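Before any comments, here is the structure.
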Amino acid sequence: MYDVTIIGAGVAGIFLAHQLVEDGQRVLLIDAGKPIRERTTEDAYLGFAGLGKSEGKFNYATGFGGELVSKIGEETTRRLFQEVDDLLCTYGGGTVETYSTHSPTVASRARRAGLHTVETTVRHLGTARTAAVFTAFEDALLPRLDVRFETTIEQITKSEPFAIKTADEIFVSQRIVFATGRSGADFTLHQLATLGVTPQRTRLDLGVRIETDEVLFRTLLQETFETKLGYDSPYGQAVTYCMNPRGRIIRKYQEGLVMPDGQNVHESADGSTNLNFTLFLPRYFSTLAKANAYATCIIGGINQGQDRILVQRLGDFRKSQATTTDQLLHNGIIPSLVASPGDLHVEVPAEDLLVLDGFLERLERLLETELPEDTLLYGLDGKFYAPMLETSETFETTCPRVYAIGDCSGATHSLAQAAASGIHLGHALTQNSRSLFA
């Protein structure tokens with residue numbers, strides 16, 4: 001019998017597992033994907049380290065996204081972030097320096113422009129270093145627990161202890177932890193429903209990705225690689241995401257949709273003279289199905305059953321006229337992504353465009369210059385979240401001894417937060433195990 005069975009080997013699951021094996025607990029780790037050395041580009045979300053195997057961007061921020069701070073407090077969150085970073089450095093992450101988006105000068109300028117800065121410390125490992133770090137992590141962790149890769153759970157029976165049935169085996173466990181990430185939301189919701197756990201609302205972020213002249217931002221980025229800006233719009237707080245000076249825009253495939261995504265200058269053989277970022281606006285839906293249906297309607301409508309992404313020049317956007325192919329060919333800002341010229345006003349919800357317009361006006365005040373009419377606007381980027389689950393401070397669901405951590409809980413919205421939630425639960429279960437034998 002296992003003390004804890006962890007379903008999902010993403011960052012939340014493996015950081016939890018690390019805590020538990022350090023305490024000498026018997027742990028079973030189950031994942032539908034593969035060990036890290038066997039993962040390919042097609043295994044974007046499944047397998048050891050989950051989505052953490054991408055660019056490994058750990059944002060140690062308490063001021064945006066997620067419900068972690070409201071659940072466990074800012075001081076505890078900051079302490080957990082330090083533990084996350086220390087563990088990354090144990091396995092080689094320290095070879096990449098952290099950077100901070102904090103700048104009192106920029107913060108003051110932003111307030112005067114009608115914006116605010118979101119401060120974070122970032123350790124951006126990059127694709128190659130991330131693979132090396134999590135390979136070392138896997139090599140150290142797996143010999144200390146039982147693991148089943150490429151394994152799907154068929155049934156969980158609510159009993160004392162729990163019975164977990166796969167196609168080939170049945171396991172028994174005192175506790176179960178779901179750590180399946182956003183990609184495992186459907187599976188998790190189905191399994192939790194059998195245990196009497198019901199989800200709450202679901203968040204969906206949509207946003208236009210902006211590509212402009214990198215030179216314009218140099219006064220903002222003198223002290224840091226990127227800055228994060230927030231805009232309190234009439235439709236909710238919009239936040240900039242994934243700013244890439246001299247980076248490129250690439251296609252992102254997720255949830256059956258195709259979206260514009262940013263690629264860091266260090267991730268490509270050739271950068272650009274541009275800067276790109278997305279301005280995200282959050283929405284909330286009563287169910288995951290409704291959130292997914294809305295995203296499919298809007299982004300899928302732009303895709304037109306292909307990999308189509310829409311692009312429009314800022315000058316044309318402000319005149320409410322479609323951009324043409326000829327205009328793109330002669331555009332002063334060379335697009336880093338081949339996209340289809342058109343009119344955002346026709347294909348993007350009106351509230352997103354009103355928020356975009358208000359933000360860009362304030363951004364120009366902050367930059368103290370007008371954005372070029374050749375600035376490019378790409379539609380439409382998206383960030384997807386699992387439904388919020390009712391959980392305790394230690395991520396225990398309404399079903400006793402069943403927990404949900406990381407992005408599948410709906411409470412964390414980043415790699416750093418997901419990993420922190422795993423460590424936080426690890427501390428709780430470690431203290432619990434010690435109290436049983438005191």
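Bear in mind that the values here come from a model prediction, so they are computed numbers and not experimental data.
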(message) Regarding Arg283 and Asp205, does a basic nitrogen lie under 4.0 Å from an acidic carboxylate oxygen?
(response) no

(message) Can you tell whether the side chains of Glu364 and Arg318 come within less than 4.0 Å, N to carboxylate O?
(response) yes

(request) Using modelled atom types only, decide if a donor and an acceptor are shared between the side chain of Glu211 and the backbone of Leu377 within a distance under 3.5 Å. (result) no

(request) May I ask you to decide if Ser414's main-chain N or O and Thr412's side chain share a donor-acceptor pair within less than 3.5 Å? (result) no

(message) Could you check, using the six-membered ring where one of them is a Trp, whether Phe225 and His124 have ring centers closer than 6.0 angstrom?
(response) no

Taking the six-membered ring for Trp, are [X] and [Y] parallel (under 30°), tilted (30 to 60°) or perpendicular (over 60°)?
X	Y	result
Phe149	Phe48	perpendicular
Tyr231	Phe359	tilted
Phe15	Phe137	tilted

(request) Mark yes or no: Lys228 above the aromatic ring of Phe277, with NZ or CZ under 6.0 Å from the six-membered ring centre and no more than 45 degrees from the axis. (result) no

Under a 3.5 Å threshold, yes or no: a donor from one side chain and an acceptor from the other, between [X] and [Y]?
X	Y	value
Arg209	Asn276	yes
Thr180	Thr188	yes
Thr391	Lys71	yes
Asp407	Tyr385	no

